[in-house]
Amino acid sequence: MPSDRVAAFSVELTRYLDTDGHKLGPMPEFAANPVDLVPLYQAMVLTRAFDAKAVALQRTGRLGTFASSLGQEAVGVGAASAMAVDDVLVPSFRDQAAQLWRGVTPVELLLYWGGDERGSNFAVPRADFPISVPVGSHVPHAAGVALAMKLRHEARAALCIIGDGATSKGDFYEALNVAGVWHLPLVILICNNQWSISVPRSAQSAAQTLAQKAIAAGIPGEQMDGNDVIAVRACTERALAHARAGGGASLIEVLTYRLSDHTTADDARRYRDDAEVSAHWHGEPVARLRQYLVSQGVWSRDDEEQALARAAAVIDRAAEEYLATPPQPVSAMFDYLFAELPASLAAQRAQAVAEEPDDA
Ligand SMILES: Cc1ncc(C[n+]2csc(CCOP(=O)(O)OP(=O)(O)O)c2C)c(N)n1
Ligand SMILES: [Mg+2]
């Protein structure tokens, strides 16, 4: 039977720096002068210092369960640095790099992970969404944000970050579909760190790439090297500009690797080989950009020492402030969640308040 090809698709993978920090071709405009990349490097160093401190606080019983972004710093810094101030970030639970860039403070993040509702009441990016832990459930929220922007004829866009595992959820597919058919100003960034707790990418989906999920929604989809902060920023910048200009939604899959345990409640040695993890230290985002900056003569050993000391000082100060913050009363968990408390919970609230120890 004769047949006509009615559609054809391909998925491209882009990187600007190889795993040793060598430039692979012409740079995007923001990276034309290597010195302009220094703030991105410093932000990745700050995130790494934050993660190390948060894990240490959890290990000493002073923080709740925490999800480190070790090895994934380029994803958040690259994506957030591509955003305009009045774009809206809709993050998941491993996106502290993006949040810190946006102006969420390390104290707010520690309060959040310490179970204090004030940690989600950001002083600076007021319109950014709080951390979302239920996997994939924030993608429809991001589509709603983008729909509101469109209805108000605002030249803004929403950026939603999700994991590779989240792309198996119905919430993701439904949001992707409306983003396509309603031409929403939305960029969905899949942070493919190769693992969803103990489920490897190979067991997550039979699709060759996660970026190709865009095809069924009728929107552009591409892959970027997620350990190359230049690549992440370049593609996010392009996709956000397209969205703000009325061009509709995009899906970006960035390829990275979770060097840490899933969270502090996990021991990844139970399900993955040390050899796999060691191999992925080669090409990690911080060393990769540092090698490039050094090769361009804009970063020295002194600069490195100063950057590490500065990051440690900022994070130490934040930890002290967090630890010195008196806890909220037990009623806070009810009062922050509901504008009007349902009757069924009013009794629980009253009981919790009545049973609260005096020294709480
Ligand atoms: C709806 C829902 N189901 C299960 C969980 C438990 N859980 C927390 S993180 C996670 C895996 C997420 O994997 P991925 O989307 O790849 O993100 P990553 O943790 O790798 O950043 C699961 C199953 C949850 N938080 N929410
Ligand atoms: Mg994952």
Side-chain angles (χ1 to χ4, degrees), residues 44 47-48 50-51 54-55 58 63-80 89-100 109 112-113 115 120 129-143 159-176 187-214 221 223-227 232 251-273 276-277 280 284-285 337:
M44 291 199 288
T47 302
R48 195 162 281 193
F50 175 80
D51 281 345
V55 170
Q58 190 279 337
L63 197 74
T65 300
F66 176 73
S68 166
S69 67
L70 184 66
Q72 306 179 196
E73 296 86 351
V75 178
V77 171
L89 176 68
V90 186
S92 61
F93 47 81
R94 208 186 294 284
D95 297 323
Q96 49 269 29
Q99 293 186 293
L100 289 168
L109 290 175
Y112 170 81
W113 290 106
S120 297
F129 271 43
I131 289 171
S132 178
V133 171
V135 170
S137 63
H138 59 310
V139 199
H141 302 164
L159 174 72
C160 182
I161 309 182
I162 59 171
D164 43 304
T167 68
S168 299
K169 293 280 312 290
D171 328 38
F172 164 75
Y173 286 107
E174 292 166 24
L176 194 69
V187 177
I188 303 174
L189 191 92
I190 305 167
C191 175
N192 176 0
N193 63 5
Q194 313 304 329
W195 288 91
S196 300
I197 313 186
S198 56
V199 178
R201 163 64 182 86
S202 56
Q204 187 64 244
S205 169
Q208 209 175 342
T209 70
L210 302 178
Q212 74 201 54
K213 298 191 178 195
Q223 274 190 338
M224 297 308 244
D225 185 328
N227 285 359
V232 178
L251 184 67
I252 302 168
E253 175 188 7
V254 300
L255 303 173
T256 182
Y257 189 82
R258 194 194 81 210
L259 288 169
S260 67
D261 291 333
H262 169 70
T263 64
T264 49
D266 174 51
D267 178 1
R269 287 170 305 181
R270 294 176 63 184
Y271 55 82
R272 67 179 186 183
D273 287 342
E276 178 187 311
V277 181
H280 277 93
E284 61 90 0
L337 200 55

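As the structure is a prediction and not an experimental result, all values here were calculated from the model. One-based numbering, in listed order, for ligands and for the atoms of each.
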Distance check below 2.8 Å: does N193 bring an N, O or S atom to the Mg ion (ligand 2)? yes
Give the residue and atom name of whichever protein heavy atom lies nearest to atom 21 (O) of ligand 1, and the separation in Å to one decimal. R94 NE, 2.8 Å
Partner of T256 under side chain to side chain donor-acceptor pair (under 3.5 Å), chosen from D164, N192, N227, N193: N227
Check each atom of ligand 1 against the heavy atoms of V133 and keep those under 4.0 Å away; list them by number with element. 24 (C), 25 (N), 26 (N)
Please state whether the separation between the Mg ion (ligand 2) and some N/O/S atom of G163 is under 2.8 Å? no
Tell me if a side-chain donor or acceptor on Q58 pairs with a main-chain N or O of F66 at a distance below 3.5 Å. no
Would a search of protein heavy atoms around atom 6 (C) of ligand 1 find one under 4.0 Å away? no
Minimum side-chain heavy-atom gap Q204-S168 below 4.5 Å: yes
Proximal ligand 1 atoms for P134, defined as those under 4.0 Å from one of its heavy atoms: 26 (N)
For the pair E253 (side chain) and A211 (backbone), establish whether a donor and an acceptor sit closer than 3.5 Å, ignoring hydrogens and angles. yes
Rounded distance (nearest 0.5 Å) linking atom CZ of F50 with atom CG of L109: 4.5 Å
Taking the side chain as every heavy atom from C-beta outward, state whether I162 and H138 have any pair of such atoms under 4.5 Å apart. yes
Residue pair V55 / S68: nearest heavy atoms and the distance that separates them: CG2-CB, 4.3 Å
In D164, what N, O or S atom is nearest to the Mg ion (ligand 2), if we give its atom name? OD1
Student check: side-chain heavy atoms of H262 and Y271 closer than 4.5 Å: yes
Considering distance alone, does some N or O of I197 sit under 3.5 Å from an N or O of ligand 1? no
Pick, from G163, S196, C191, the option with the minimum heavy-atom distance to atom 17 (O) of ligand 1. G163
What are the atoms of ligand 1, with element, lying closer than 4.0 Å to any heavy atom of K169? 1 (C)
Can you find a heavy atom in the side chain of R272 that is under 4.5 Å from one in the side chain of R258? yes
Considering distance alone, does some N or O of D164 sit under 3.5 Å from an N or O of ligand 1? yes
Give the atom numbers and elements of ligand 1 that come within less than 4.0 Å of a heavy atom of G165. 14 (P), 15 (O), 16 (O)
If you measure from atom 24 (C) of ligand 1 to every heavy atom of V135, T256, T65, V75, which option wins on shortest distance? V135
Determine, counting only non-hydrogen atoms of the protein, whether one lies under 4.0 angstrom from atom 2 (C) of ligand 1. yes
Taking only heavy atoms of A166, which atoms of ligand 1 are found under 4.0 Å from at least one of them? 15 (O)
I want to know if ligand 1 touches F93 in the polar sense, i.e. an N/O pair below 3.5 angstrom. no
Atoms in ligand 1 with a heavy atom of N193 nearer than 4.0 Å: 18 (P), 20 (O), 21 (O)
Looking only at heavy atoms of R258, does any of them come nearer than 4.0 Å to an atom of ligand 1? no
Test item: E276 and W195 side chains (from C-beta on) under 4.5 Å apart, heavy atoms: yes
Main chain of Q212, side chain of T209: is a donor-acceptor contact present, judged purely on distance under 3.5 Å? yes
